[in-house]
> 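I have a structure here, written as structure tokens, and I will follow up with some questions on it.
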Amino acid sequence: MGKRGLARLAVDHIAAAGRWVESQLRPRTLLPPAGARSVLVLEYQLPLGSCVHMTPLYEALKRGTPARTVTVATRGLGVQVLRHSPFVDALIETPDPLQDVWRAARSLARQMKEQGIDPDCCLTGVPDQRTRIALVGLLACRGWRGGFTVQRGLYQWPLEVDRELSQIANNLRLAKLVGCPGEMLEPRVFYGAAEVEAARRLLEPLRAQGRAVLAAVTTTSGGQRTRWHEERWVEVLRMAHQELEYGVVFVGTAADGAAIGALNALAGGFG
């Protein structure tokens with residue numbers, strides 16, 4: 001066995017010892033996963049696609065056991081995606097653990113205590129395989145930890161990504177871990193009445209002209225290195241506008257304004 005193998009073996013032994021000590025201090029870490037009635041999910045990696053691909057998990061958790069409490073700790077875009085979801089009972093916004101683990105964990109623990117939330121377990125999906133995120137679960141939740149992580153020793157029920165499955169299917173394995181059916185669900189994002197009305201006002205002028213509408217949702221959500229290049233966006237938008245006669249609307253937040261303006265100008269100013 002080489003030095004790297006010995007180092008991993010040592011870490012595994014230390015982690016095992018740590019879990020044993022934790023089991024004496026926190027007996028709930030020994031509870032069977034299928035009995036979880038209150039679930040905490042940590043969602044801190046926030047590319048828009050990753051946020052949307054987590055939404056089937058919350059629906060599966062509530063469908064499997066409607067009385068189960070589903071709490072999501074997140075921030076920024078994660079809050080915006082989930083704030084109207086009927087499948088999330090409590091949405092807790094904290095500081096970014098990738099910047100300050102202790103501050104995020106303290107904020108989460110305090111808010112859960114104030115709201116009377118005491119999760120049986122803490123779960124992380126495929127995007128959130130970061131040690132700092134795992135440590136938030138260790139520090140803030142008294143129950144067991146499960147899901148996807150690079151530090152398997154910190155979890156009582158770790159999972160490995162199945163490369164033969166989609167990200168959605170892998171995330172839904174978390175629902176199966178707590179005893180939910182393994183049904184495949186599609187992503188769903190829900191909106192409030194004010195948002196629906198704002199969208200209607202935005203699209204109505206083009207619809208009044210009898211034109212179909214193409215909504216281009218920003219060039220990137222800020223977290224993907226593999227985003228589309230502007231040239232590809234321009235090609236798609238020009239075809240939609242010129243050949244298919246779509247009216248084009250660019251959609252984004254205030255922070256996306258400069259990027260949208262540049263893309264609109266490059267595409268010919270038809271948005």
Side-chain angles (χ1 to χ4, degrees), residues 36-94 96 108 111-112 115-117 119 121-128 133 147-148 166-178 180-204 206-207 212-224 249-256 260:
R37 305 289 293 182
S38 179
V39 175
L40 168 66
V41 181
L42 304 181
E43 184 180 317
Y44 287 107
Q45 296 287 69
L46 302 178
L48 180 57
S50 295
C51 293
V52 171
H53 285 171
M54 284 289 286
T55 60
L57 169 63
Y58 308 126
E59 183 172 354
L61 290 171
K62 292 298 284 187
R63 277 192 179 190
T65 304
R68 177 183 286 120
T69 299
V70 176
T71 302
V72 181
T74 185
R75 62 186 181 86
L77 186 61
V79 174
Q80 300 306 314
V81 169
L82 295 174
R83 62 179 176 169
H84 296 297
S85 174
F87 306 115
V88 175
D89 298 293
L91 188 59
I92 298 179
E93 185 168 14
T94 77
D96 184 0
L108 176 56
Q111 292 185 69
M112 288 197 299
Q115 297 181 44
I117 300 170
C121 66
C122 176
L123 304 175
T124 48
V126 173
D128 292 283
I133 295 174
F148 302 94
S166 67
Q167 186 173 128
I168 292 174
N170 270 294
N171 286 333
L172 285 171
R173 291 169 59 200
L174 294 171
K176 293 180 68 175
L177 183 63
V178 298
C180 298
E183 61 181 324
M184 188 65 186
L185 299 171
E186 294 298 324
R188 290 205 281 172
V189 177
F190 298 86
Y191 303 93
E195 294 166 329
V196 172
E197 177 59 22
R200 187 195 65 78
R201 290 197 306 269
L202 179 65
L203 301 179
E204 189 58 35
L206 289 172
R207 292 193 182 281
V213 180
L214 171 67
V217 184
T218 82
T219 57
T220 177
S221 59
Q224 290 284 16
V249 176
F250 292 94
V251 181
T253 66
D256 300 309
I260 290 174

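Basis for what follows: all heavy atoms, side chains included, without hydrogens, waters or symmetry-related copies. These figures come from a predicted structure and were not determined experimentally. FYI, the numbering just counts along the sequence from 1.
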> Please report the shortest heavy-atom distance between Ile133 and Leu42, naming the atom on each side.
O-CD1, 3.3 Å

> Quick one: are Val81 and Glu43 in side-chain contact, heavy atoms under 4.5 Å?
no

> Once rounded to the nearest 0.5 Å, what's the spacing between atom CG of Asp128 and atom OG of Ser50?
8.0 Å

> Using 0.5 Å steps for rounding, measure from the CE atom of Met184 to the OG atom of Ser166.
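Answer for the CE-OG pair, Met184 versus Ser166, is 4.0 Å.
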
> Verify, without hydrogens or angle tests, whether Thr124 (side chain) and Gly147 (backbone) share a donor-acceptor contact under 3.5 angstrom.
no

> Would a distance-only check, ignoring hydrogens and angles, find a side-chain to backbone donor-acceptor pair under 3.5 Å from Asp89 to Thr71?
no

> Where the side chain of Asp96 meets the backbone of Tyr44, is there a donor-acceptor pair that is under 3.5 Å apart?
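Checked: no pair found.
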
> Taking all non-hydrogen atoms of both residues, which atom of Ser85 and which atom of Phe190 are closest, and how far apart?
CA-CD1, 4.0 Å

> Could you tell me whether the side chain of Glu59 and the main chain of Phe87 form a donor-acceptor pair under 3.5 Å?
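Side chain of Glu59 to backbone of Phe87, a donor-acceptor pair under 3.5 Å: no, none is there.
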
> Testing the basics here: between Arg37 and Thr65, what is the closest heavy-atom pair and its distance to 0.1 Å?
NH1-CG2, 3.2 Å

> Apply the test salt bridge (Lys or Arg N to Asp or Glu O under 4.0 Å) to residues Glu197 and Arg200: give CA-CA distance (whole Å), side-chain angles for both, the deciding distance (0.1 Å), then the verdict.
CA-CA 5 Å; Glu197 177 59 22; Arg200 187 195 65 78; 2.6 Å; yes

> Within the side chain of Thr94, is there an N or O that forms a donor-acceptor pair under 3.5 Å with the backbone of Leu108?
no

> What's the spacing between Met112 CE and Leu40 CG if we round to 0.5 Å?
5.5 Å

> Check whether any side-chain N or O of Lys62 sits under 3.5 Å from a backbone N or O of Arg68 as a donor-acceptor pair, and report yes or no.
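Such a contact is found between Lys62 side chain and Arg68 backbone.
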
> Tell me the closest heavy-atom pair linking Arg173 and Phe148, and the distance in Å.
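Where Arg173 meets Phe148 most closely, the heavy atoms are NH1-CE2, 3.8 Å.
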
> First locate atom CG of Leu91, then atom CD of Gln111, and finally report the distance between them rounded to the nearest 0.5 Å.
10.0 Å

> For Ala90 and Gln115, work out which heavy atoms get closest and say how close.
CB-OE1, 4.0 Å

> Quick one: closest heavy-atom pair of Gly125 and Asn171, and the distance?
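The pair with the smallest heavy-atom distance is CA-OD1, 3.6 Å.
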
> So do Ile168 and Pro187 actually touch side chain to side chain, heavy atoms under 4.5 Å?
yes

> Is any side-chain heavy atom of Leu185 closer than 4.5 Å to a side-chain heavy atom of Arg63?
yes

> How long is the gap from CE on Met54 to CG on Leu174, to the nearest 0.5 Å?
6.5 Å

> Rounded at 0.5 Å granularity, tell me how far CD in Gln80 sits from OG1 in Thr74.
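Rounded to the nearest 0.5 Å, the CD-OG1 separation comes to 10.0 Å.
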
